[in-house]
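Values reported hereafter were calculated over all heavy atoms of this structure, with side chains retained and with hydrogens, waters and symmetry mates removed. As the structure lists them, so they are numbered: ligands from 1, and atoms in each ligand from 1. Bear in mind that the values here come from a model prediction, so they are computed numbers and not experimental data.
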Amino acid sequence: MSNKKGSLSINSENIFPIIKKWLYSDHDIFLRELVSNACDAITKLRKLDMIGEFEEPEDNHYRVDVKVSPENKTIKVIDNGLGMTADEVEEYINQIAFSGAEDFLAKYKDKTNEDQIIGHFGLGFYSAFMVADKVTIQTLSYKEDAVPVYWECDGGTEFSMSDGERTERGTEITLYLGEDSVEFANEFRVREILNKYCSFMPEEIYFTNEDVKEEETEEKEEKPEEPKPINDTVPLWAKHPNECTEEEYKEFYRKVFMDFKEPLFWIHLNMDYPFNLKGILYFPKINYEYESIEGTIKLYNNQVFIADNIKEVIPEFLLLLKGVIDCPDLPLNVSRSALQNDGFVKKISDYITKKVADKLAGLCKTEKESYEKYWDDISPFIKFGCLKDEKFNKKMKDYILFKNLEKKYITLPEYLEAAKDKNENKVFYVTDEVVQSQYINMFKEQGMDAVYLTQNIDSAFITHLEQANQEVKFLRIDADVADTLTEEANEEEMKSMSETLGDIFKKALSKENLTIKVERLKNEGVSAMITLSEESRRMQEMMKMYNMGQDMDPAMFGMEGGETLILNANNRLVQYVIDQPEGEHTELICQHLYDLAQLSNRPLDAESMTKFIARSNEILGLLI
Ligand code: ADP
Ligand code: MG
């Protein structure tokens, strides 16, 4: 071949500075593009072999080599795939690839960062110029009598082509890294990028540092270790679920997510119709020390890593899980906003949701015991899914469990049925076992049940359940004195007692706004308790959540303070106050009863605590 020079048919003066600038944040994808091209070249040759157009030599071993030389600041990607003839380089590199890059830029150069295309697909070979000042290709086609080709381009719009030097079938691409990309002339950096993008590519990939000389290994007596590919060419998700063992699933999880806590269980997705989708979703064990759960779903396209947590494809609530999804049919060379509105992508996302719901429902039906065992860990995730996704909610609503006071798992209908005669349609719940223990004990004494709802998501979930079951009302166990806890009492008498005691307590506590109510509690041992109406508490929680002033008066929002001091007329201390409004110890008792009631509701503030301790000492003093 005579030497050839040419101009790349590109309108823009110089495409490369734009490529560099535009893709600023994700420069490392160049390696994914080159290595996946190398894998493609091998896969294509395997196909030619299958249809009889090529015969694989006896001693052939297909492989991709990535070599870095920190000294020369080069990265090479070498494959023994099908190679290219001069005509093919002309067609695929000079024309097609360039027009591909041009298209790409025309479409996306004006887009903002938020509107990135997924994983920057579409740039292909030319992404090399994001990091290289000069790129060369040495290639030899598999075709009989093929002549090797050399191609070179220094990042302008000019390229040159001539006869090449390659003697073996395949392609060697060399990147001469530019000044601002020397970070890639580093063994660890390159290995890191390979691990990120190429861990599951379908052909064996070997990585070496060219500057580490061979003799160094020979000096050692023992035989140098057999080099191993950096990737797993048949990832677990690509296998049929029947062929995978439990240990393999666990090991895959450890390796991919670097999480050494065992996952609870997993769902292996495997379908060919109506679209191709494979993947494994793991339910991680939740670490309660952390407030929020954070998962990772890795998205692949034919075993090539695209990106983590692409929320356009994966339902938002599934992003709490850990997993991998490989979907070759995904349209990736479109912008994210286009993906969002894509009917096909929506179908994929719906399918994943459906599969997850089916699996969970199935587990609940056939392996109730495991389901209950996992419940505490998986419930935040399921609840989040129900809140976020109506279809998921519909499928899961009968499989929502509640842990009751006996620590048994029951469903909402089961709870309502049991509470029917006592407190119809009221669901009492506990958010803090320690702080609310007094109430819990009273409930137990009266054969009443409540459920534990202790997770962050529960307050939103309660609202959701109330909307779905209009007649049902959720009440925190200290929101009100449940009917079952009180005895029948003379209303008139209670009213007048409330007035009398109200005056005494307000005076003793110097609290004019205190709301006081007298009840006859079945448990005589309880003197006083504080209830905070469900509405007021929810309002306060909401204000806190939105960071509105904590000392803001809820009355501003048309609510009363909502706190009521309940005094038990059956208790002998309360009786004492009624009998001796002017008694020697009346004031002391009032103050102390109020603090005790507060204590079983929330921690005392500093000033109250100081007074409480001093008063406790004073009371003990009365005993001697
Ligand atoms: P794509 O991979 O999407 O086709 P690229 O820009 O990555 O686009 O590559 C353009 C073309 O260049 C490929 O389709 C292929 O024909 C050719 N090519 C690139 N790298 C190689 C290689 N290592 N061996 C053989 N052909 C290659
Ligand atoms: Mg490519």
**Q.** Where ligand 1 meets G124 - atom numbers and elements under 4.0 angstrom, heavy-atom basis
**A.** 5 (P), 6 (O), 7 (O)
(Q) So if I count the atoms of ligand 1 from 1 in the order they appear, which ones are less than 4.0 Å from some heavy atom of I93? (A) 12 (O)
Measuring centre to centre across the rings, with the benzene-like ring taken for any Trp, is [X] within less than 6.0 Å of [Y]?
| X | Y | result |
| --- | --- | --- |
| Y371 | Y399 | no |
| W237 | F200 | yes |
| F317 | F384 | no |

Q. Which residues and atoms, counting only protein N, O or S, are under 2.8 Å from the Mg ion (ligand 2)?
A. N37 OD1
**Q.** Within-4.5 Å side-chain heavy-atom neighbours: R63 and I205
**A.** no
Q) Does ligand 1 have an atom that lies less than 4.0 angstrom from a heavy atom of M84? A) yes
Q) Which pair of non-hydrogen atoms, one from R166 and one from I78, has the smallest distance, and what is that distance? A) NH1-CG2, 3.8 Å
Q | W151 versus V135, closest heavy-atom pair with distance | A | CZ3-O, 3.7 Å
Q) Can you check whether F125 has an N/O within less than 3.5 Å of an N/O in ligand 1? A) yes
Q) Judging by distance only, is a nitrogen or oxygen of D79 under 3.5 angstrom from one on ligand 1? A) yes
Q. For atom 2 (O) of ligand 1, which of L45, V35, L34, N37 has the closest heavy atom?
A. N37
Q: Decide if atom NZ of K298 counts as having more than 12 heavy atoms of other residues, nucleotides or ligands within a radius under 6.0 Å.
A: yes
(Q) Using the rule salt bridge (charged side-chain N to carboxylate O under 4.0 Å, His left out), only one of K76, K67, K73 pairs with E210; which is it? (A) K76
Q | T85-S141 side chain donor-acceptor pair, cut-off 3.5 Å | A | no
